[in-house]
Amino acid sequence: MALSFKLLENVFLSSKCHRQNALHPFCGPLLTNCISKLYSSYRRPGTSPDNTPLWKMNFSFENGVDWIKKNFGLLKKELVDHVKGPEGRGFEEYFLEQTRVVWEFRSQKDLDEWVVSSDAEIGGKSEAYLKLGKNNQTALLFGTLSTEAPRDGETGYSGYCAIRAKLLKGAFDTKKYYDWSNFNSLYLRVRGDGRPWMINIYTDPYYSHQKDDLYTYFMFTRGGPYWQEITIPFSKFFLSSWGRIQDDQYPLWLDKISSVGFTLGDKADGPFQLEIDFIGLLNDRAHTEEFAYEKYERNPKA
Amino acid sequence: MNPHANMIIMSSLILGPMITITSSHWVMAWVGLEINMLAIIPLTGQTTTTHEQFEASIKYFLTQAAASSLLLFSIINNVWNTGQFDITQPTNTLSSTMMTAALTMKLGLAPFHYWLPETLQGTTTMMTLILTTWQKLAPLTLLMMINQSLNTSLLVTLSLLSMMIGGWGGLNQTQLRKIMAFSSIAHLGWMTMILTLSTKLTLLTFYTYITLTTTMLLTIKLLETNKMSTAMTSWTKSPMLNATMMLNLMSLAGLPPLTGFMPKWLILQELTKNHMTIIAATSAILSLLSLFFYIRIAYYSTITLPPNMTNYSQQWRHKNQQKPYLPLMIITSSMLTPIMPTFMMIL
């Protein structure tokens, strides 16, 4: 049934988009430089569409064999991890851990897990770059923010830069999630330049009408040479959708976290810099708040 | 919820399965299933504390609606082939296969089980109780009524798959409601295994399962624990209930001499009598997977106590919520095996 749905989806795609999308499920791994389009057919604005004709695409059976080996290896690891315990770690470790480092930046491979974006995608003039810091111990996000709106006749505002962790993928590109239900706070060791940042947590809900939902909170950096250790409880994160804070607020769903991101959009033109040592989790037993925002009835009964 | 709406919904929830159970016409049975489904949907999403509940109710609705439409299609196909709507009359192969698929989807049997853990995790504990007990009544009754038309090989395959997936899936779960979902899948496997050979045993297994699951979920509700981490420190609320929870878990696992052993014993005996020894042995081995995670919950909640270090703060004991029927249910879920011959005579 799943196969038939997939085939139908591809028939629809092939009628609307380039035939490469239709061929992808069958021979995608065989194509050299084939970017996985299983999550979406998003193409970054400003990049030209890929209209390579069929006879010019490079098929490589080596790629296919590597893909099969990699995915079956991942499947085997998932099966073994399933027996070990939650997320591949034993139950004793799961119950006794109070802190966990999720992302640290020690090599280029760690940087490749993040995606940098800015309003250049919509025609803006901001720039953002991510590189390893001194002695390969940190990640340095730097660039220039520009609030000059693109002159396309429809965009009124501009000026943002962001990084976001790539989504976790399991065997055969299945979605995987982080389970942070054992923790109650996000712990960051950063060194900023005094600018306020937004931290976004994406929980990848099941239904597509909620795909723009983000949980957001603010990170105020001090600037200066000293490192800053910021603890933000998950109870403080508020729900926003498509950039708008929602009236109905819900606590963060900690066992289905997909991604974390940092966004700068403080409307202050000029250079910026954020150095990140690591991003971790903390089980702060002193923090007992479940959710910081009260839910109110929009039409209360008299 | 508005008390009038609540009254209509609760009466529909009770009426739906009653219509299905008492009907001999396929369309009436289907109508009963629909009434039941439509009544439970607002209950699953009634509280607005988390958006998980909305997601759970939508998932439940979509799955049940798909199963209902497949069932209706199979009914129409059956009528087209046989010319009658009587449930007790034999159906043709295609219709019975589609009915099997539809009803197993409603029950949450493998391979149509994916919705069950997510839905039970998203709803409240009382809704979990209703979804795992009351909601199984109507589809299982229909399966029992059409058992002579069902394909034994298909049912045995589905049940072995359910036992395997129920045991495998629950292995590294930390959320108690998800564990109960996988437990439900495994137990449904045992029920459907013996369906074509002895419907009485299916009924006995179902009653036992309802008793055990109800006791377990009421215990979870009283202890106000949803995760294994909070179950570890729940002994402060009610040490006696914590101890009986361990007995209940062992009964769910099917350990003698507790109640849960009784249906498993009888099913294995019936399978052996029908020369299905290998299937009986496989079922017994697959139940070890479920046994593992039941023992793990019992170990972490009851057997480990301070001064062992726990990562979680001890919970305050709130006002004592007394449930007068719970002691009787605990006794029923633990001590019925010695009076097994009585059940055999009654059934």
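Just so it is clear: chains get the letters A, B, ... in the order the sequence lines come, proteins before strands, and each one is counted from 1.
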query = Can you list the steps and then say if B:N172 with A:Y94 is a side-chain contact (heavy atoms from CB on, under 4.5 Å)?
reply = CA-CA 11 Å; B:N172 68 356; A:Y94 178 84; over 6 Å; no

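Listed by chain and number, the residues in a side chain to side chain contact (heavy atoms under 4.5 Å, CB included) with A:S235 are A:P233, A:H287, A:E289 (sequence neighbours excluded). A:D213 pairs by the side chain to side chain contact (heavy atoms under 4.5 Å, CB included) definition with A:Q210, A:L239, A:S241, not counting sequence neighbours.
The aromatic rings of A:Y250 and B:F54 lie perpendicular to each other, with more than 60° between the two planes, well past the 30° mark.
Within 6.0 Å of OH in A:Y293 there are more than 12 heavy atoms belonging to other residues, nucleotides or ligands. Within 6.0 Å of OH in B:Y299 there are 12 or fewer heavy atoms belonging to other residues, nucleotides or ligands. For OH of A:Y207, the number of neighbouring non-hydrogen atoms (other residues, nucleotides, ligands) closer than 6.0 Å is greater than 12.
B:W168 and A:V83 make their closest contact through CH2-CG2, 3.3 Å (heavy atoms, listed as atom of the first residue, atom of the second, distance). Taking both residues in full, the closest heavy atoms of B:Q175 and A:S181 are given as NE2-OG, 4.1 Å, listed atom of the first, atom of the second, then distance.
Neither the backbone nor the side chain of B:L289 comes within less than 4.5 Å of any heavy atom in chain A. Heavy atoms closer than 4.5 Å to chain B are found nowhere in A:T288, neither backbone nor side chain. Using a 4.5 Å cut-off between heavy atoms, B:F292 does not touch chain A at all. Contact of A:E92 with chain B is made through backbone and side chain together, with heavy-atom distances under 4.5 Å. Proximity to chain B involves both the backbone and the side chain of A:F91, based on heavy atoms less than 4.5 angstrom apart. For a residue to count as touching a neighbouring chain, one of its non-hydrogen atoms must lie under 4.5 Å from one of that chain's; by this rule A:L252 does not touch chain B.
With chain B as the partner, the residue from A:H82, A:K84, A:E87 showing the most heavy-atom pairs under 4.5 Å is A:H82.
Proximity to chain B among residues 254-261 of chain A is limited to A:D255, A:K256, judged by heavy-atom separations below 4.5 angstrom.
Here salt bridge (Lys or Arg N to Asp or Glu O under 4.0 Å) pairs that include residues 55-69 of chain B, with residues two or more places apart or in two chains, are B:E55-B:K59, B:K59-B:E118.
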